[in-house]
Amino acid sequence: MGKKIFVSYKYADQDVAPLSGHSWHNPTTVRDYVDALENYFDITDHIYKGESDDEDLSSYSEDTIWEMLKDRIYDSSVTIVVISPNMRITYRSDKSQWIPWEVSFSLKETTRNDRTSHTNAMLAIVLPDKNGSYDYYLTQSLCGSTTHHTDRLFKIIRENKFNKRNPNRNLCPKCGCFHYYGECSYIDAVKWCDFIVMPNYYINSAIQRQENKDLFDIKKEV
C-alpha cells in the first residue's frame, strides 16, 4: 500500500553532486533531487505531500507557509529528511530554520477535528557533495565501521540518532568508540545511491521502526 510522504530539505543548497541534464550554468540543487523523488512517487502508489517546484509561495507570509506545511505533514505518514552539506546554517539558531520545525511536527501527535495524527515514520537520505562524496557526513573509520558526523545535523535530528533504548552495541578496542549493530536510530540514514536502488525497502524499514517506536527514546521538541 502506498504511503503519503513529506520531504524536508534545504531548497537551494548547490553543494551537491550534479544530476544528469545539469551543467555549470544550470547547477544542481537539493530541489532537483527532491524532484527526482517526486517523479518516483508519481509512478508508484506513494503520494508526495511536499510542495512542488512550480508552486510560487513568495506572496505568502511565513506564518501562512508554515500552516500550509503543517497541513501537509499532518496528512502524511512518512517524513524523509534530506541531508545535504549546507542544510544547516550554523550561525542561525535551529528555531529560525524550517527543517527542525518540520521534523518536530512530523514526530508529534497532533489532534485536529477529533482526529489525532501518529508519529511519522522517519528516514534521512544523505546526498553526495559536489565531488560525489558522502564524507562530510559518513566516513569509514580505521576499524572498518561507519562514523556519522551528527554534529552536522540539527539538534532534533541528532537527538533521534542512536536513540534505541537497548541498542546492540559494543566498545571497539581499536578506536575506543561504540559500534552499533542493526537499526539503532529512529531517524536512520541512507546514502542516496543506496536509496534509489531499492527505495521501498528503506521506506518500509522506516515504517517498521514507527510501528515499534516505543523501542526508541524519541525527542520531539526543537
For this session: Mark yes when over 12 heavy atoms from residues, nucleotides or ligands other than His149 sit less than 6.0 Å from its NE2; otherwise mark no.
Result: yes

Exercise. Taking only residues two or more places apart in sequence or in another chain, which ones pass side chain to side chain contact (heavy atoms under 4.5 Å, CB included) with Asp214?
Worked result: none

Exercise. Does any N or O in the side chain of Lys49 come within less than 3.5 Å of the main-chain N or O of Ile73, such that one atom is a donor and the other an acceptor?
Worked result: no

Problem set entry | Qualifying residues under ring-ring contact (aromatic ring centres under 6.0 Å, His included), relative to Tyr186, sequence neighbours excluded | Phe216

Seminar exercise, completed: Rounded to the nearest 0.5 Å, the CZ atom of Arg152 sits from the OH atom of Tyr136 at a distance of 7.5 Å

For this session: Would you check if there is a donor-acceptor pair between the side chains of Gln140 and Thr146 at a distance under 3.5 Å?
Result: yes

Problem set entry | Atom of Ala17, atom of Tyr33 and distance for their closest heavy-atom approach | O-OH, 2.7 Å

Exercise. Do any N or O atoms from the side chain of Asp13 and from the backbone of Asn86 form a donor-acceptor pair under 3.5 angstrom?
Worked result: yes

For this session: Measure from the side-chain N and O atoms of Arg209 to the backbone N and O of Ala121, and report whether any donor-acceptor pair falls under 3.5 Å.
Result: no

Problem set entry | Interatomic spacing from CG in Asn160 to NZ in Lys155 - rounded to 0.5 Å | 10.0 Å

Problem set entry | Heavy-atom side-chain proximity of Ile99 to Arg88 below 4.5 angstrom | no

Exercise. Would a 4.5 Å heavy-atom cut-off, applied to side chains only, mark Pro85 and Val16 as touching?
Worked result: yes

Exercise. What distance separates Leu215 CG from Lys164 NZ, expressed to the nearest 0.5 Å?
Worked result: 6.0 Å

For this session: Could you pull out the closest heavy-atom pair between Ser84 and Leu127, with the gap in Å?
Result: CB-CD1, 4.5 Å

Exercise. With sequence neighbours left out, what residues match Lys4 under side-chain hydrogen bond (donor to acceptor under 3.5 Å, both in side chains)?
Worked result: Asp75

Problem set entry | Greater than 12 external heavy atoms within 6.0 Å of Lys108's NZ | yes

Problem set entry | Which atom of Asp135 lies closest to which atom of Thr139, heavy atoms considered | O-CG2, 3.1 Å

Exercise. For atom CG of Asn166, is the number of surrounding heavy atoms from other residues, nucleotides or ligands below 6.0 Å larger than 12?
Worked result: no

Exercise. Ser104 side chain to Lys220 main-chain N or O, any donor-acceptor pair under 3.5 Å?
Worked result: yes

When the side chains of residues 190-208 are checked against the rest of the protein, which donor-acceptor pairs come out under 3.5 Å, sequence neighbours left out?
| unit_1 | atom_1 | unit_2 | atom_2 | d |
| --- | --- | --- | --- | --- |
| Asn200 | OD1 | His46 | NE2 | 2.7 |
| Asn204 | ND2 | Asn200 | O | 3.1 |
| Ser205 | OG | Tyr201 | O | 2.9 |

Exercise. Of the non-hydrogen atoms in Ile187 and Ala124, which two are nearest, and what is the gap between them?
Worked result: CG2-CB, 3.9 Å

Problem set entry | Under the side chain to side chain contact (heavy atoms under 4.5 Å, CB included) test, residues paired with His179 that sit two or more places apart | Cys143, Ser145, Asn170, Cys172, Cys175, Tyr181

Exercise. Within the distance-only criterion (no hydrogens, no angle test), does the side chain of Asp217 pair as donor or acceptor with the backbone N or O of Arg165 below 3.5 angstrom?
Worked result: no

Problem set entry | Side-chain donor/acceptor of Asp188 to backbone N/O of Ser185, under 3.5 Å | no

Exercise. Does Arg31 come within less than 4.0 Å of Glu38, counting only side-chain N to carboxylate O?
Worked result: yes

For this session: Without swapping roles, check the side chain of Thr28 against the backbone of Leu19 for a donor-acceptor pair under 3.5 Å.
Result: yes

For this session: Please step through side-chain contact (heavy atoms from CB on, under 4.5 Å) for the pair Trp98 and Leu69, ending with a clear verdict.
Result: CA-CA 10 Å; Trp98 286 106; Leu69 292 174; 3.9 Å; yes

Problem set entry | Residues in ring-ring contact (aromatic ring centres under 6.0 Å, His included) contact with Trp101, at least two apart in sequence or another chain | none

Exercise. Leu153 versus Val81: any side-chain heavy-atom pair under 4.5 Å?
Worked result: no

Seminar exercise, completed: Taken in chain and number order and not counting sequence neighbours, the residues that satisfy side-chain hydrogen bond (donor to acceptor under 3.5 Å, both in side chains) with Lys10 are none

Exercise. What residues form a ring-ring contact (aromatic ring centres under 6.0 Å, His included) with Tyr137, not counting sequence neighbours?
Worked result: His148

For this session: Decide side-chain contact (heavy atoms from CB on, under 4.5 Å) for Tyr48 and Tyr40; before the verdict, give the C-alpha distance in whole Å, the side-chain angles of both, and the deciding distance to 0.1 Å.
Result: CA-CA 9 Å; Tyr48 174 73; Tyr40 165 74; over 6 Å; no

Problem set entry | Check: Gly182 main-chain N/O paired with Asn168 side-chain donor or acceptor under 3.5 Å | no

Exercise. Should Met87 and Val82 count as side-chain neighbours, where that means a heavy-atom distance under 4.5 Å?
Worked result: no

For this session: Using salt bridge (charged side-chain N to carboxylate O under 4.0 Å, His left out) as the criterion, list what pairs up with Glu109, not counting sequence neighbours.
Result: none

Problem set entry | Hydrophobic cluster of Ile89, others only, ordered by chain and residue number, side-chain cut-off 4.5 Å | Tyr91

Exercise. For the atom pair CD1 (Ile156) and NZ (Lys95), what is the distance rounded to the nearest 0.5 Å?
Worked result: 11.0 Å

Problem set entry | Reported CD1-to-CD1 distance for the pair Ile157 and Ile83, which is rounded to 0.5 angstrom | 6.0 Å

Exercise. Residues two or more places apart in sequence or in another chain: which of them pass side-chain hydrogen bond (donor to acceptor under 3.5 Å, both in side chains) with Asn212?
Worked result: none

Problem set entry | Thr79: side-chain hydrogen bond (donor to acceptor under 3.5 Å, both in side chains) partners, not counting sequence neighbours | Ser106, Asn120

For this session: Could you tell me whether the side chain of Phe41 reaches within less than 4.5 Å of the side chain of Ile5, counting heavy atoms only?
Result: yes

Exercise. Measuring from Ile47:CD1 to Ser77:OG, what's the distance to the nearest 0.5 Å?
Worked result: 9.0 Å

